[in-house]
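Here's the structure, in structure tokens; my notes come after.
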Amino acid sequence: MPYQRLPYLYDVLPDAPPRDPWLSTARWRGMENLFRELARRFGYREIRTPILEPAELFTRSIGEATDIVSKEMFLFTDRGGRLNALKPEGTAPVVRACMENGLFGEPALHKLYYIGQNFRYERGQKGRYRQHQQMGVEAFGSTDPALDAEVIALAMTFFTELGIPETTLHINSLGTPAERAEFRQALRDYVKPHLAAMSEEARMRFEVNPLRMLDTKAERDLQMLEGAPTLLDYLGAESRNLFEALQQMLGALGIPFVINTALVRGFDYYTHTVFEIKGSGLGAQDALGGGGRYDGLVQECGGPAMPGLGFGIGTERCLLALESLGIRGPEADEKPVAFVVLAGSTPELNQAAVQLLMKLRRAGIAADRDYQGKNMRRQMKRADDLGAQYLLILGEDELAAGIVQMKNQSSREQKTVAIGEVIEALMSEPRRE
Ligand code: HAM
């Protein structure tokens with residue numbers, strides 16, 4: 001192979017390889033269609049932002065000490081000398097786009113959704129790639145916990161309608177930056193005497209980003225952290241009320257959740273609510289989606305005081321979760337309705353097929369044919385492989401009589417139809433679900 005994919009990337013194909021059924025375009029589109037439909041139902045409108053942004057946007061918003069900014073960004077200097085980044089996530093670009101396009105004026109509440117590619121130079125494994133797609137929402141302009149509940153409910157409804165039965169919603173509150181600063185100090189004080197016995201990662205995080213010490217799977221760190229203070233102990237009355245109100249709303253919606261005080265997420269921009277949805281059967285990369293509130297982010301990026309919150313759901317992980325459960329999930333229909341089979345190879349027949357196909361396609365009917373001079377048996381096999389519902393068989397006799405043989409591939413019934421009436425005949429037949 002002279003050229004190969006870069007490491008930890010993948011191709012999505014019309015016919016997925018048998019050992020990786022999740023790499024099927026029909027499955028991707030089916031999932032994206034469901035997300036779009038739900039976003040519409042919940043009142044979110046689509047935004048599309050470029051894949052390239054000034055690197056500084058992410059350094060500033062995600063935070064210099066985070067893994068994403070310090071180790072994982074795809075950076076390059078362009079010919080104009082600007083330092084660019086392939087976007088590692090979708091929130092900061094949406095904030096930038098809203099500021100730049102004046103969306104933070106009136107009306108003050110904006111609810112946006114996106115489906116987009118993100119790039120992180122991570123160590124790849126199942127469910128973790130260097131390019132991944134997120135289906136996400138961002139809502140700006142309200143601190144009402146009802147909006148937090150709505151955003152979480154949208155994510156949970158997505159998993160339910162997708163058919164992923166077992167997900168666990170983890171929630172936590174990170175409070176205000178001041179509350180977090182106080183907690184950070186308390187956590188450092190608690191950990192310091194034990195630090196020598198902790199992992200190298202914990203020792204590094206102790207210096208640069210102590211809250212991330214909580215996000216560990218290392219047994220010895222977990223043991224040391226067992227009696228550590230939690231952020232919830234450091235929340236003031238207002239933050240506590242918001243968190244409790246959210247829990248009540250989730251209860252009222254019948255959405256089960258667990259409070260996970262170790263959930264700190266890998267971005268500096270979060271305030272108050274953070275959440276993550278974990279799936280089963282995914283191994284270490286079990287977060288199907290995550291998000292939270294970021295009431296200071298817009299201002300941090302140079303905009304007005306504008307609260308916001310949102311989430312990103314990983315398309316790859318949802319597809320892998322379905323696969324591990326043996327569920328196909330929603331699939332976009334890419335199959336032709338009709339396949340024209342030529343019983344002969346004269347130029348007149350060829351031209352009649354070209355015209356018939358064009359008529360069908362203009363009428364909105366997905367239709368195809370063979371262009372490689374295959375015999376009838378092989379044309380029919382191709383029609384089967386593509387999943388065509390009807391064969392339209394055209395030979396010299398048919399052409400002379402101005403008719404085609406129309407064969408229903410599931411009932412195997414065949415009937416003769418005038419060429420001029422094929423569209424009506426197809427339209428009046430029951431369609432596949
Ligand atoms: P995140 O938790 O970094 O959040 O990513 C969201 C989801 O994207 C993850 O839960 C996971 O399913 C998927 N994901 C992340 N990295 C990878 C990867 N390398 N390979 C495959 N899937 C991955 C954010 O990015 C925030 N911007 C979410 C958000 C929106 N918060 C507020 N608004």
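Remember, it's 1-based here, ligands and their atoms both numbered in the order they're listed.
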For ligand 1, is there an N or O atom under 3.5 Å from any N or O atom of Leu288? yes
Any atoms of ligand 1 less than 4.0 Å from a non-hydrogen atom of Gly291? List them with their elements. 31 (N)
Tyr269 near ligand 1 by a heavy-atom separation under 4.0 Å: yes
Ring-plane angle category for Phe267 and Tyr270, please: parallel below 30°, perpendicular beyond 60°, tilted otherwise. perpendicular
With the threshold set at under 4.0 angstrom, would you say Gly289 reaches ligand 1 through any of its heavy atoms? yes
min-distance protein heavy atom vs atom 9 (C) of ligand 1 -> Ala287 O, 4.0 Å
With no hydrogens and no angle check, just 3.5 Å: does a side-chain donor-acceptor pair link Tyr234 and Gln185? no
Is there a polar contact, in the sense of an N or O pair closer than 3.5 Å, between Glu89 and ligand 1? yes
When you measure from the side chain of Arg60 to the backbone N and O of Cys301, does any donor-acceptor pair fall under 3.5 Å? no
Decide whether Thr91 and Glu89 meet the rule of one side-chain donor and one side-chain acceptor closer than 3.5 Å. yes
I'd like to know whether the aromatic ring centres of Tyr44 and Phe42 sit less than 6.0 Å apart in this structure. no
Determine whether the side chains of Arg48 and Tyr114 contain a donor N or O and an acceptor N or O closer than 3.5 Å. no
At what distance is the nearest protein heavy atom to atom 15 (C) of ligand 1, and which residue and atom is it? His132 NE2, 3.4 Å
Would the distance check show the side chain of Glu323 and the main-chain N or O of Trp22 forming a donor-acceptor pair, the cut-off being under 3.5 Å? yes
Close N or O approach (Gln134, ligand 1; < 3.5 Å): yes
What do the steps show when you test Val12 against Thr25 for side-chain contact (heavy atoms from CB on, under 4.5 Å), and what is the final call? CA-CA 6 Å; Val12 183; Thr25 337; 4.3 Å; yes
Answer yes or no: does atom CZ of Arg378 have more than 12 heavy-atom neighbours from other residues, nucleotides or ligands under 6.0 Å? no
Can you find an N or O of Tyr294 that's nearer than 3.5 Å to an N or O of ligand 1? no
Assess the side chains of Glu138 and Tyr294: does a donor N or O sit below 3.5 Å from an acceptor N or O? yes
Contact atoms of ligand 1, heavy-atom distance to Tyr270 under 4.0 Å: 26 (C), 28 (C), 29 (C), 31 (N), 32 (C)
A student checking ligand 1 against Glu138 at a 4.0 Å heavy-atom cut-off should list atoms 30 (C), 32 (C), 33 (N)
With atom 25 (O) of ligand 1 as the reference point, say which of Arg120, Lys87, Gln125, Arg123 has the nearest heavy atom. Arg120
With nothing but distance in play, are any N or O atoms of Glu276 less than 3.5 Å from an N or O of ligand 1? no
Those atoms of ligand 1 less than 4.0 Å from some heavy atom in Gly290: 10 (O), 28 (C), 29 (C)
Can you tell me which residue and heavy atom of the protein come closest to atom 20 (N) of ligand 1, and the distance to 0.1 Å? Tyr129 N, 3.0 Å
Would Gly127 count as a contact residue for ligand 1, given that I'm defining contact as a non-hydrogen atom of the residue lying under 4.0 Å from a ligand atom? yes
In this structure, atom 13 (C) of ligand 1 is nearest to the protein heavy atom Gly314 CA, 3.7 Å
Report, in ascending order of atom number, the atoms of ligand 1 lying under 4.0 Å from any heavy atom of Gly312. 6 (C), 7 (C), 28 (C), 29 (C), 30 (C)
What residue and heavy atom of the protein are closest to atom 32 (C) of ligand 1, and at what distance? Gly310 O, 3.2 Å
Under 3.5 Å, is there a donor-acceptor pair linking the side chains of Gln389 and Glu429? no
Are a donor atom and an acceptor atom from the side chains of Tyr113 and Arg36 found within less than 3.5 Å of each other? yes
Examine Phe267 against ligand 1 and note whether any of their N/O atoms are separated by less than 3.5 Å. no
Any nitrogen or oxygen of Arg265, side chain or backbone, less than 3.5 Å from one on ligand 1? yes
Which protein heavy atom lies closest to atom 19 (N) of ligand 1, and at what distance to 0.1 Å? Glu122 OE2, 2.5 Å
Donor-acceptor pair between Ser239 and Glu179 side chains, under 3.5 angstrom: yes
